[in-house]
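Notes follow once the structure below has been shown.
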Amino acid sequence: MDMLSALFQESYFTVFNYSGDKSEFAVMNCSQEFDADFTFVLFPWVKKLGLKPEEIGLKLGEYLLNNNSISGYFVVKGFFNFTLHDNFWMDEIYRIHKLKTNELVVQTDTPLKYLVEYCSPNTNKPLHLGHIRNILLGWSLSNILKAIGHRVETTQVINDRGVAICKSMLAWKKFSNGETPESTGIKPDHFVGDYYVLFDKKLNEEYLSWQNSDEGKTILKNLLGQYVNSLNSDPSVNDEKITSDLFKKYKNDYFNTYSVLGKEVREMLLKWENHDQETRLLWKKMNDWVYLGFNESFKKLNVSFDYIYYESNTYLLGKDIVELGLNKGVFYQLPDRSVWVNLEDVGLDNKIVLRSDGTSVYITQDLGTIKQRYERHHSDKYIYIVADEQDYHFKVLFETVKKLGEPYAHNLYHCSYGMVDLPTGKMKSREGTVVDADDLIAEVIHEATSMAEERGEIAALPKEQKDKICTDIALAALKYFILKVSYKKRMIFDPKESVDMQGHTGPYIVNAYVRIQSILRKATFSIDLNVPAKISRPERNLIRSMNTYDKILFEAADSFDPAHLANYLYQLAKDFHKYYHDHRILNAETAELINFRLMICENVAKYLTHGMNCLGISMPDRM
RNA sequence: GGUCCCGUAGCUCAAUUGGAUAGAGCAACUGCCUUCUAAGCAGUAGGUUACACGUUCGAACCGUGUCGGGAUCACCA
C-alpha cells in the first residue's frame, strides 16, 4: 500500500508536474462490487489540477499502463480502479511462503521500551469480568507492541492494603471459627471474598438494628426532614423510596461515626499501619490466599506479569515529590498544612495532594509510583490500562506531573477502556450481580466441551489432548468476544453470547485454521514453487488482505486497540471459509493448482496464527 | 450544576480515520453434507446512522445547537 502511494506520488510528478507529500496519495482496497485490486480517489485532484476526474484518470491510467506498473484500470465516477500484474501477486505468495512466523511483520524503525500496567486488583475479592477485559487488553496490546519490534515490560500494582482488606480480615477474625480454604475446599481468593461479603452483611444487620434504637431513630428523623426538603417535594417519590434512599446515602456516614464494626475496622487499619504483629500476620495469611487464587486465574487465562508491585510497599511514596512541588512553587499549602495543586489553567480544579495530617491520598501515591517506575524501568512510554471511570484522576495526575516538569511527563498514557455492563444493567458487587472470572471461564469450557462431544470430531483423541483443545476453543470464544469490541466503548456482555461458537466468534477463526491444518495433514506432496496460469479474484483478495497485515498491527498499536486486529482476522477467516467452500484444494484440476492453493492455505494459516497469538489466543490443530 | 464519554438493523458490534449502494454476527425464514472438518457456505427480511442546521465534489465520521443515556467532580482508593 505504501509502495502504491509512492507510485502515485511519482506518477503525479511526471504526468502533472505535481509534487506532494506521500500522505496525499492514499490508496484503498477496491470495493467488492468491482473486479479490480485497488482504488485511488480522484475527487480531491479536480480542484488541485483543474481537470475533470475522467481526464485525470485517463492520463494517469495510460501512463501507468505504458510504464507497465499496472495491468489494467477503469474509472467509475471519481474512482480510479486498477489491477496489478499477476506476477506481483505471485511474488507476494512466494515471499510470504518463505517467511518464518517471526519474520512475518515489518519491524518499527523507532523501537521503544514500553511499560504496560494492567489488571491491578484489590485483594479483598476475586477477579471479575471487568478484570478480564482489562487483562485481555493489556496482554494483547503488549503482544502487538512486541510483534512490531518494541520492547515491552508488563506490571501490575496490587492494592493489598486499606479499609476494604481490613473488612475481610475482621470478618474472618470474628466469624470464621478458624476455617481456611483448605478446610472448606473453596478457592482461596473466593474464600477471602466471601468474608468481605459477610462483613457487609453483618454491617447491614448492625445498621438495621441501630435504626431502631433511640439514638438511630432521632438522628434519622432529623436527616429525613432535611432530605425531604432538599428534594423539593417531587410527588412521584413516595415515603418508602425516600427512606430507602436515605438509608443508602447515610450508610457510609454511619460506618464512620456510629458503627461498632466500623470502629473495629479503623482500629485494625491503624494497627496494620503501626506494624502490629498479629494484624500483619493475619493480613499476610489472607493476602497469600488471595494470591494463590489469582495466580490460578492468571494461569487459566494464560497471562503473566514481569513486575508486580504491592501498594503496601509503595503507599508511602510520593511525599518527596510533594516537597519538591512546594519548593518549586507548583503546589501551595493551606494554613491547616494540607497541600494543593491548582489546575484551573488546564480546565481542572484545585486538587489536594497531601492531607492536613501529612498522610498520603491516592494521587500522592501515584505521583510516587510514576517516579519509581521511571527510575527503575527507564521506559519510553508508560501505559496505564485503567477503566474510564478514572479519566478525571489520570488527567489530574498527568497534568500535575507536567507542572512538575518531570522528564517522563509527556510519556504517560491512560488507556481508558469502557466498563462492562450486563444486559440487566451495571455490575454491582454489593447486589451480587458481578460475573465472576473463574465461574465464567468454567462455563465457557463446559460449553465448548459439550459442543465438541456432540460433533465427535476429536472423540478418538486421548482425554488430556481433548481437554486442551476444548480449553483453547473456550478461551478463543471468551477472549475474542471481549477483544472484538473497541476498547474505548462501554460494552454489554451477555454471558449467553460469550459461549457462542458460531458466526463472528473466536472459534470461527480457529476453525479456518483447523481446516487448513486438516488439509495439510492430508497433503501427499510437498510444496514446490511453480507458476500457475492465473490467479483468481478471491485469491488476489486473500493475498491483498495478508499484504495489509502490517498496517493493521501498526494501527492497533498506535491506537492501543486490539479490536482492529480482531476484526481483521475475522474478515480473513471469512474470506478463507468462502474460498475453501468454492475451491477444491487437494483435488484441484492440475498439480500446479494443488501446489498453488496449498501455498495460499499455508500463508493464511500463518497470519491467522500470528494474529490470534497476538490476541492471546492459542490455536489448536483440530477441533 | 461543571467537565468528559456515548447514541448506527429487534439485539451485540463494524465501517480501511472524510469516499462508491452504511457492513457482519445473533435472533427469524429458505436452501447446501456420498466430495479436503457443516463450529462451514449461499440466500430472504431488517436503516431517515437520535434530531436539526452548517462546512464540501462527497458526512455515521468535522462544527454548532437540541434531545436521550452514562461516567466523574471526597483530606475514599
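Quick note on labels: first sequence line is chain A, next is B, and so on, each numbered from 1.
Listed nucleotides U72(B), C75(B), U37(B) differ in distance to W340(A); the shortest reach to its side chain belongs to C75(B). Closest to the side chain of C30(A), out of C36(B), A20(B), G40(B), is A20(B). Ranking C75(B), U16(B), U21(B) by closeness to the R355(A) side chain, first place goes to C75(B). Residue N511(A) places its side chain closer to G40(B) than to any other of A77(B), G40(B), A20(B). Listed nucleotides C75(B), U16(B), A42(B) differ in distance to K551(A); the shortest reach to its side chain belongs to U16(B). When the nucleotides A20(B), G40(B), U16(B) are ranked by their closest atom to the side chain of F79(A), A20(B) comes out on top.
Nucleic acid contact for Y508(A): sugar-phosphate only, since backbone atoms but no base atoms lie under 4.0 Å from a heavy atom of the residue. Heavy atoms of R584(A) sit under 4.0 angstrom from at least one base atom. Within 4.0 Å of D366(A), counting heavy atoms only, lies no atom of the nucleic acid at all. Looking at heavy-atom distances under 4.0 Å, H393(A) makes no contact with the nucleic acid at all. When heavy atoms are screened at a 4.0 angstrom cut-off, I473(A) is found touching base atoms of the nucleic acid. Within the 4.0 angstrom heavy-atom criterion, only backbone atoms of the sugar-phosphate kind lie near I492(A); the bases stay farther away. K488(A) comes within 4.0 angstrom of nothing in the nucleic acid, heavy atoms only. Within 4.0 Å of M419(A), counting heavy atoms only, lies no atom of the nucleic acid at all. Using a 4.0 Å heavy-atom criterion, one finds that N159(A) contacts no nucleic acid atom at all. Among the heavy atoms of the strands lying under 4.0 Å from E33(A) is at least one base atom, whether or not backbone atoms are also near. Using a 4.0 Å heavy-atom distance criterion, E457(A) is classed as a base contact. Using a 4.0 Å heavy-atom cutoff across all strands shown, Y568(A) reaches no nucleic acid atom at all. Using a 4.0 Å heavy-atom criterion, one finds that D357(A) contacts no nucleic acid atom at all. Residue T39(A) is classed as a base contact, given a heavy-atom separation below 4.0 Å to a base.
The base of C36(B) has none of its N or O atoms less than 3.5 Å from a complementary donor or acceptor on the side chain of S518(A). Put simply, the side chain of D582(A) and the base of A42(B) share no donor and acceptor less than 3.5 Å apart.
Put simply, K395(A) has no side-chain N or O that comes within less than 4.0 Å of OP1 or OP2 on U72(B). Remark: K426(A) is in phosphate contact with A71(B), judged by side-chain N or O atoms under 4.0 Å from OP1 or OP2. A close approach under 4.0 Å does not occur between any side-chain nitrogen or oxygen of R521(A) and OP1 or OP2 of U37(B). An OP1 or OP2 oxygen of G7(B) is reached within less than 4.0 angstrom by a side-chain nitrogen or oxygen of K489(A). In this model, the phosphate group of C26(B) is not approached by any side-chain N or O of K496(A) to a distance below 4.0 Å at OP1 or OP2. Using a 4.0 Å cut-off, some side-chain N or O of K77(A) falls inside it from OP1 or OP2 of U21(B).
Here F43(A) lies parallel enough and close enough to stack on the base of G19(B), with planes under 30° and ring centres under 5.5 Å apart. A24(B) has no stacking from Y570(A) on its base ring, since the centres under 5.5 angstrom apart and planes within 30 degrees of parallel are not both found.
Look at CG on L422(A): it is 13 Å from P on U12(B), rounded to the nearest Å.
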ring-ring contact (aromatic ring centres under 6.0 Å, His included) for W45(A) and F25(A)? Distances and angles first, verdict last. CA-CA 10 Å; W45(A) 302 98; F25(A) 303 92; 5.1 Å; yes
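Base orientation of C33(B): syn, the glycosidic angle falling within 90° of 0. Anti is the glycosidic conformation of U12(B), whose angle departs from 0 by more than 90°.
Taking the six-membered ring for Trp and the full ring otherwise, the centers of F43(A) and F79(A) sit less than 6.0 Å from each other. The aromatic ring centroids of Y480(A) and Y570(A) lie 6.0 Å or more from each other. A ring-centre distance under 6.0 Å is not found for F560(A) and Y487(A).
In this structure G40(B) sits in a base pair with C32(B), meeting the Watson-Crick or G-U test at under 3.5 Å. The partner of C57(B) is G19(B), by the rule that a Watson-Crick or G-U pair needs both atom distances under 3.5 Å. Pair assignment for A24(B): U12(B), on the basis of Watson-Crick or G-U wobble contacts that are both within less than 3.5 Å.
A distance-only check finds a donor-acceptor pair linking the side chain of H583(A) to the backbone of Y579(A) [under 3.5 Å].
Within 6.0 Å of atom CZ in R537(A), more than 12 heavy atoms from other residues, nucleotides or ligands are found, so the atom counts as buried in its surroundings. The local environment of NZ in K52(A) is sparse, with at most 12 non-hydrogen atoms from other residues, nucleotides or ligands closer than 6.0 Å. Within 6.0 Å of NZ on K251(A) lie more than 12 heavy atoms contributed by other residues, nucleotides or ligands.
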